[in-house]
There are 2 protein chains.
Amino acid sequence: MKLITRDTDYALRAVCFIAKNKERLYPVSSLVKNLRIPGPFLRKLLQVLHNKGILNSFKGKGGGFSLAKPPEDIFLTDIMHIFQGEFCLNECSLGKGICPHTKDCPLRERILRIEKYVRKELSSVAVASLIK
Amino acid sequence: MKLITRDTDYALRAVCFIAKNKERLYPVSSLVKNLRIPGPFLRKLLQVLHNKGILNSFKGKGGGFSLAKPPEDIFLTDIMHIFQGEFCLNECSLGKGICPHTKDCPLRERILRIEKYVRKELSSVAVASLIK
DNA sequence: AGTTAATGATACCATAATAGTATCATATGT
DNA sequence: ACATATGATACTATTATGGTATCATTAACT
Ligand code: FES
Ligand code: FES
């Protein structure tokens, strides 16, 4: 079981790499060389990050990507949320609304507690803290 | 993201149901009626639980499944382990051995901490505590 | 103006994991 | 013998994942 999927992992690596030199523009080709991530795939991910306001992008010759905000303000949870959706550990396999135990299920209680803890831990991780 | 997969969830429900009446034998057909889980699928799961020593099974007319040990000694983690393998949150998407950061990766450290916590929480959940 | 190097948008594809079915063999109580 | 159960295992359908391919657009540099 992975807490962090490949999408998120790749994206995070790229963001961290870009964050190390805030001024420069990094075209996908340059990131590919440094990070060894399949080009077209990485490109797709960066486009998403751009649409979500994490990265700036500049088209045309000499263009590329840069951070859209300071690395202190980009959190692991932001990127996880973009690629993995709402973080939620406690989905009952009987659907919500179907399951008659949702209210008093003892397992649910416990998993909610775990979820809360994990969420707290992850939300304290900023990109800035990962690039030192 | 689910901490507990459908396999585990179904299996756990079945085990809990069986645990409520330790003496009786429950054939799959009876569990299907009570738990609304697809029959052939549940059957497969129960066979696995039997092979792993969680359930007893008795063939032939009047046969079925029963617990192989007291519900205090069956843990959520046992069932998770059977259907979901070793619990591990921190798989780096660069493979182990490939990733040059494995030693000093700041993310890895944090995720290991989370993993430890979650593991501890889950391992305290016995079937006995779920059937009251 | 034309070429080159970049992203934007989106459709497509291949593989693997998940969820579930089907079948035949074997055992057992009546 | 027959009905009812599990054992073992092969098969299948659906979805998620990981990745490609293509065409359009934009911009710098001759
Ligand atoms: S069984 Fe549905 S919420 Fe726990
Ligand atoms: S990047 Fe590989 S262990 Fe963190």
Side-chain angles (χ1 to χ4, degrees), chain A residues 1-14 18 24-33 35-68 80 82-85 88 91-95, chain B residues 1-14 18 24-33 35-68 80 82-86 91-95:
Chain A
M1 211 202 100
K2 273 181 219 148
L3 202 50
I4 291 175
T5 64
R6 195 106 133 231
D7 284 356
T8 305
D9 191 299
Y10 283 172
L12 184 64
R13 277 167 216 269
I18 293 169
R24 258 191 70 184
L25 285 187
Y26 292 92
V28 171
S29 56
S30 131
L31 295 171
V32 162
K33 265 182 220 133
L35 301 172
R36 308 250 185 138
I37 297 171
F41 191 41
L42 180 56
R43 191 173 152 204
K44 195 170 62 171
L45 300 178
L46 297 185
Q47 284 178 355
V48 173
L49 289 173
H50 171 230
N51 287 331
K52 298 291 185 177
I54 308 284
L55 297 179
N56 291 321
S57 85
F58 301 89
K59 283 170 106 174
K61 199 167 183 179
F65 296 88
S66 67
L67 289 200
M80 285 181 74
I82 290 171
F83 294 105
Q84 309 183 35
C88 169
E91 289 168 26
C92 176
S93 79
L94 307 183
Chain B
M1 211 202 99
K2 274 181 217 147
L3 202 50
I4 291 174
T5 64
R6 195 106 133 233
D7 284 357
T8 305
D9 192 299
Y10 283 172
L12 184 65
R13 278 167 215 268
I18 294 169
R24 258 192 69 186
L25 284 187
Y26 293 93
V28 171
S29 56
S30 131
L31 296 171
V32 162
K33 265 181 219 134
L35 300 173
R36 309 251 185 137
I37 296 171
F41 191 41
L42 179 57
R43 191 174 152 205
K44 195 171 63 171
L45 300 179
L46 296 185
Q47 284 177 356
V48 173
L49 288 173
H50 170 231
N51 287 331
K52 298 292 184 177
I54 307 284
L55 297 178
N56 291 319
S57 86
F58 301 90
K59 285 169 104 173
K61 200 168 182 177
F65 294 89
S66 67
L67 289 201
M80 286 181 73
I82 289 170
F83 294 107
Q84 309 183 33
E86 190 60 42
E91 289 167 26
C92 177
S93 79
L94 306 184

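Residue numbers start from 1 in every chain, and the chains themselves are labelled A, B, ... in the order their sequence lines are given, proteins ahead of strands.
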Distance check, rounded to the nearest 0.5 Å: [X] atom [atom1] versus [Y] atom [atom2]?
| X | Y | atom1 | atom2 | result |
| --- | --- | --- | --- | --- |
| Met80(A) | Thr5(A) | CE | OG1 | 7.5 Å |
| Ile37(B) | Leu42(B) | CD1 | CG | 5.0 Å |
| Arg13(A) | Arg36(A) | CZ | CZ | 12.5 Å |
| Tyr26(B) | Leu46(B) | OH | CG | 13.0 Å |
| Phe83(B) | Asp9(B) | CZ | CG | 11.0 Å |

Starting at atom [atom1] of [X], determine the distance to atom [atom2] of [N], rounded to an integer number of angstrom.
| X | N | atom1 | atom2 | value |
| --- | --- | --- | --- | --- |
| Asp9(B) | dA19(C) | CG | P | 10 Å |
| Lys2(B) | dA17(C) | NZ | C1' | 13 Å |
| Phe83(A) | dG19(D) | CZ | P | 13 Å |
| Leu45(A) | dG8(C) | CG | C1' | 15 Å |
| Gln84(A) | dT17(D) | CD | C1' | 12 Å |
| Phe41(A) | dC12(C) | CZ | P | 19 Å |

Sugar-phosphate only, base, or nothing, as touched by Pro38(B) at under 4.0 Å among non-hydrogen atoms
sugar-phosphate
Check: Ile18(B) and Leu31(B) side chains under 4.5 Å, non-hydrogen atoms
yes
| message | Would you say that Leu35(A) contacts Tyr10(A) through its side chain, given a criterion of any heavy-atom pair below 4.5 Å between the two side chains? | response | no
Quick tally for nucleotides 3-11 of chain D: nucleotides whose base has a protein heavy atom under 4.0 Å get B, sugar-phosphate-only ones S, the rest -, giving -BBBBB---
Phosphate oxygens OP1/OP2 of dG19(D): is one of them under 4.0 Å from a side-chain N or O of Tyr10(A)? yes
* Looking only at side-chain N and O atoms, does Arg6(A) come under 4.0 Å of OP1 or OP2 in dG19(D)? -> yes
Residues 50-64 of chain A, side-chain donor-acceptor partners within the protein, below 3.5 Å, at least two apart:
unit_1	atom_1	unit_2	atom_2	d
Asn51(A)	ND2	Gln47(A)	O	3.4
Asn56(A)	ND2	Leu67(A)	O	3.1

Students should find that the end-to-end axis angle of the helix from dA1(C)-dT30(D) to dT30(C)-dA1(D), with five pairs defining each axis and rounding to 10 degrees, is 10°
Closest non-hydrogen contact found for Leu25(B) with Ser66(B) is CD2-CB, 3.7 Å
